[in-house]
Asker: 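I have a structure here, written as C-alpha cells, and I will follow up with some questions on it.
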Amino acid sequence: LAESSGITRPKGYNVSFHCNPEMEKHHFGMTHPMKPWRLTLSKSLIYSYGMSFAMDNYLTRAATYEELASFHSTDYLDFLGTVLPEAVPRDLENQNPDLKYNLGGSDCPLFDGLYNYCSMSAGSALDAARKIVSKQSDIAIAWGGGLHHAKKAEASGFCYINDIVIAILELLRFYPRVLYIDIDVHHGDGVEEAFFSTDRVMTVSFHKYDPNNFFPGTGALDDNGPKSEHNPGAHHAVNVPLNDGITDEQYDMLFNNIVGKIVEKFRPSAIALQCGADSLAGDRLGRFNLQVQGHGACVEFCKRLNLPMILFGGGGYTPRNVARAWTYETSIAINSQDKISPILPEHAPWREQFRQDTLFPTLEQILGEPRQNRNPQKRLQEIIQHVTEQLRFVES
Ligand code: TV7
Ligand code: CA
Ligand code: ZN
C-alpha cells in the first residue's frame with residue numbers, strides 16, 4: 001500500500017499512533033455537529049499515504065473505572081455508566097432545567113454506548129501517555145482524544161470525560177512540569193480548571209473569545225489562574241483571546257512568540273498539544289481563516305522543541321478538513337511533511353468526500369470568499385505584551 005510513497009520511519013526517534021475503530025462507530029445524533037466518523041476519514045487518509053509503516057500502531061483499550069476516577073468524581077462516573085438514553089425525554093430537553101451533571105441536553109446527549117465511547121477516548125490518551133513515560137515513544141498521537149471541556153463532575157460542550165487531564169496526570173507521575181497547549185477554536189476551560197492550583201502544569205489556549213456569543217465564554221486575556229499570590233497556580237494559565245478571521249501568518253507569529261517565551265521561562269519536561277481542527281477555515285462551528293499549513297505549523301514548532309509530546313485531537317466539524325489537518329500533522333510527527341504528495345493518494349477510500357484532490361485547499365477553494373479578519377495587528381501586539389508581563393511572575 002505504501003507503494004512509492006517513500007515514507008520511512010523517522011531517524012532517531014519513535015512515533016506511536018493510538019486509535020480504536022470501535023470508538024468511531026458511535027453517533028451523537030443526526031444533526032449534532034460532533035461526528036466520530038471524522039476519525040475514520042482521518043485514519044483512512046493517513047493510511048493511504050502509507051504513514052502507518054513509519055509508526056508503532058496500537059489498538060487502544062478502554063480506560064478502566066479507576067483510571068477515569070484519577071480525575072472524575074465517582075458519583076459522576078457511576079451516573080455516566082448507568083444512565084440510559086431514554087432517560088431524557090427528547091422533546092423536552094431544552095426546557096428541562098435540572099439535567100444531572102449536564103447530561104442529556106443537546107450539546108451532551110445520551111447515546112447508545114456513551115460510556116464505552118468515553119472510556120475508549122480516555123484509553124487512547126492514557127496509552128499515549130504511558131508510551132511517553134516508558135520512553136517507548138517520543139511523540140504519541142491520540143486523535144480520538146482532546147475533549148478539553150469535561151469537568152470533574154460535569155459534561156460540557158460535547159465532552160464527557162477529560163482524557164487530556166487524565167493523560168497529563170499520568171505524565172506528572174514522572175515529569176516535573178508539563179506544558180498544555182490548545183489550538184482548538186474553543187477555550188480549553190476544563191484542562192485549565194483542573195490544574196488551576198498547581199505550578200507543575202502551565203496551560204495556554206488560543207481561542208475565539210466573545211463572552212456572550214461564543215462557547216464557553218471564558219478565557220479572557222487577564223484570566224491567568226488564581227488571583228492569590230499564595231496559590232502556586234497563580235499566573236500559570238495563559239489565554240489568547242482572538243476574533244473572527246485570523247490568518248495563518250498572524251496565528252503563527254502569535255503562537256511562535258508566545259509558546260517560545262513560555263518554554264523559555266517554564267522549561268517544561270513534556271508537552272501535551274490539543275490540535276482541535278475547528279480553528280480551520282470553513283469549519284462548521286469555527287470562525288478562523290486558518291489553513292492546513294498554518295494549523296500544522298503549530299505542531300511543527302512544538303516538534304522542534306525536542307520534548308516528549310502527546311498530540312490530541314479535539315474539535316473539528318467539517319470532516320474533510322479535519323482529515324486533511326490531522327494527516328498533515330501526522331506527517332510532521334514522522335518528519336515526512338516534505339515527502340508526502342500534496343495531491344491526495346489515488347487509492348484513498350472516501351476520495352469523493354474531499355471535494356478537491358489537494359491536501360492544502362486554498363481559502364477560495366474552502367470558503368468561496370474568506371471571512372473578514374477582525375484581528376488588528378495592534379491588538380495582537382497587546383496580547384503579546386500582556387503575556388510577556390505575565391511571565392515575569394513565573395519562576396524558572
Ligand atoms: C471540543 N456550539 C467542543 C465545542 C463545544 C461547543 C455549541 C453547538 C451545536 C450543538 C448542537 C447542534 C450546534 C450548530 C454549537 C449555549 C448553547 C447553544 C444547542 C443547539 N448544533 C470542542 C458547544 C456549544 C447539538 N454550545 O471545543 C445538537 O451548533 O454554544 C453552546 C451552548 C446551548 C445549546 N445549543 C447551542 O470543539 C470537542 N453547540 C445541533 C444538534
Ligand atoms: Ca483553544
Ligand atoms: Zn472546539
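Counting convention: from 1, in listed order, for ligands and their atoms alike. Residue numbers start at 1 and run along the sequence shown.
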Asker: Heavy atoms only, cut-off 4.0 Å: how does Val185 contact ligand 1, side chain, backbone, both, or neither?
Answerer: neither
Asker: Show the numbers, then the answer: is there a side-chain hydrogen bond (donor to acceptor under 3.5 Å, both in side chains) between Asn375 and Gln250?
Answerer: CA-CA 9 Å; Asn375 297 274; Gln250 289 183 317; 4.7 Å; no
Asker: Apply the ring pair (Phe, Tyr, Trp, His ring centres under 6.0 Å) test between His32 and each candidate in Trp37, Phe158, Phe111; give the one that qualifies.
Answerer: Phe158
Asker: List ligand 1 atoms under 4.0 Å from Tyr317, heavy atoms only on the residue side.
Answerer: 1 (C), 3 (C), 4 (C), 22 (C), 37 (O), 38 (C)
Asker: Does Gly276 have a heavy atom less than 4.0 Å from any atom of ligand 1?
Answerer: no
Asker: His186 to ligand 1: N or O pair under 3.5 Å?
Answerer: yes
Asker: Any chance the side chains of Gln274 and Asp184 put a donor and an acceptor closer than 3.5 Å?
Answerer: yes
Asker: From the N, O or S atoms in His186, identify the one nearest to the Zn ion (ligand 3).
Answerer: ND1
Asker: Mark up the atoms of ligand 1 that fall under 4.0 Å of a heavy atom belonging to His148, in ascending order.
Answerer: 1 (C), 22 (C), 27 (O)
Asker: Tabulate below the donor-acceptor pairs under 3.5 Å that side-chain atoms of residues 52-59 make, not counting sequence neighbours, or state none.
Answerer:
from, atom 1, to, atom 2, distance (Å)
Asp56, OD1, Arg9, NH1, 3.2
Asp56, OD1, Arg9, NH2, 3.0
Asn57, ND2, Ser52, O, 2.9
Asn57, ND2, Met55, O, 3.3

Asker: Hey, are His187 and Asn239 close enough side-chain-wise for a donor-acceptor pair under 3.5 Å?
Answerer: yes
Asker: Is a side-chain donor-acceptor pair under 3.5 Å present for Asn116 with His26?
Answerer: no
Asker: Are any of the N/O atoms in Arg284 less than 3.5 Å from those in ligand 1?
Answerer: no
Asker: Please work out which of Leu147, Asp107, Thr31 has its closest non-hydrogen atom nearest to atom 40 (C) of ligand 1.
Answerer: Thr31
Asker: Hey, which atoms in ligand 1 end up nearer than 4.0 Å to a heavy atom of Asp278?
Answerer: 37 (O)
Asker: Strictly under 3.0 Å, is the Ca ion (ligand 2) approached by any N, O or S atom of Ser205?
Answerer: yes
Asker: Look at atom 25 (C) of ligand 1 and find which of Ser106, Pro216, Gly314 reaches it with the closest heavy atom.
Answerer: Ser106
Asker: So does His186 have any N/O/S atom less than 3.0 Å away from the Ca ion (ligand 2)?
Answerer: yes
Asker: Do you know the tightest heavy-atom contact between Asn321 and Ala281?
Answerer: ND2-O, 3.8 Å
Asker: Residue-level breakdown please: for Pro109 versus ligand 1, do any non-hydrogen atoms fall below 4.0 Å on the side chain, on the backbone, on both, or on neither?
Answerer: neither
Asker: Under 4.0 Å between a side-chain nitrogen and a carboxylate oxygen: does that hold for Glu300 and Lys303?
Answerer: no
Asker: Would you say the Ca ion (ligand 2) has Val185 as a near neighbour, meaning an N/O/S atom of that residue under 3.0 Å away?
Answerer: no
Asker: Going through the checks in order, is the ring-ring contact (aromatic ring centres under 6.0 Å, His included) test met by His186 and Phe214?
Answerer: CA-CA 8 Å; His186 299 97; Phe214 197 74; 4.9 Å; yes
Asker: I'd like the atom name of the N/O/S atom in Asp184 lying closest to the Zn ion (ligand 3).
Answerer: OD1
Asker: Taking the N/O/S atoms of Asp182 one by one, which is nearest to the Ca ion (ligand 2)?
Answerer: OD1
Asker: Of all N, O or S atoms in Asp184, identify the one at the shortest distance from the Ca ion (ligand 2).
Answerer: O
Asker: Give the numbers and elements of all ligand 1 atoms closer than 4.0 Å to a heavy atom of Gly315.
Answerer: 1 (C), 37 (O), 38 (C)
Asker: Give the numbers and elements of all ligand 1 atoms closer than 4.0 Å to a heavy atom of Met34.
Answerer: 38 (C)
Asker: Looking only at N, O or S atoms, find the one in Asp278 nearest to the Zn ion (ligand 3) and name it.
Answerer: OD2
Asker: Using side-chain heavy atoms (C-beta onward) and a distance below 4.5 Å, is Tyr49 in contact with Leu344?
Answerer: yes
Asker: Verify the distance criterion only: is there a donor paired with an acceptor across the side chains of Asn289 and Tyr251 at less than 3.5 Å?
Answerer: no
Asker: When you look at CZ of Arg267, are more than 12 heavy atoms from neighbouring residues, nucleotides or ligands closer to it than 6.0 Å?
Answerer: no
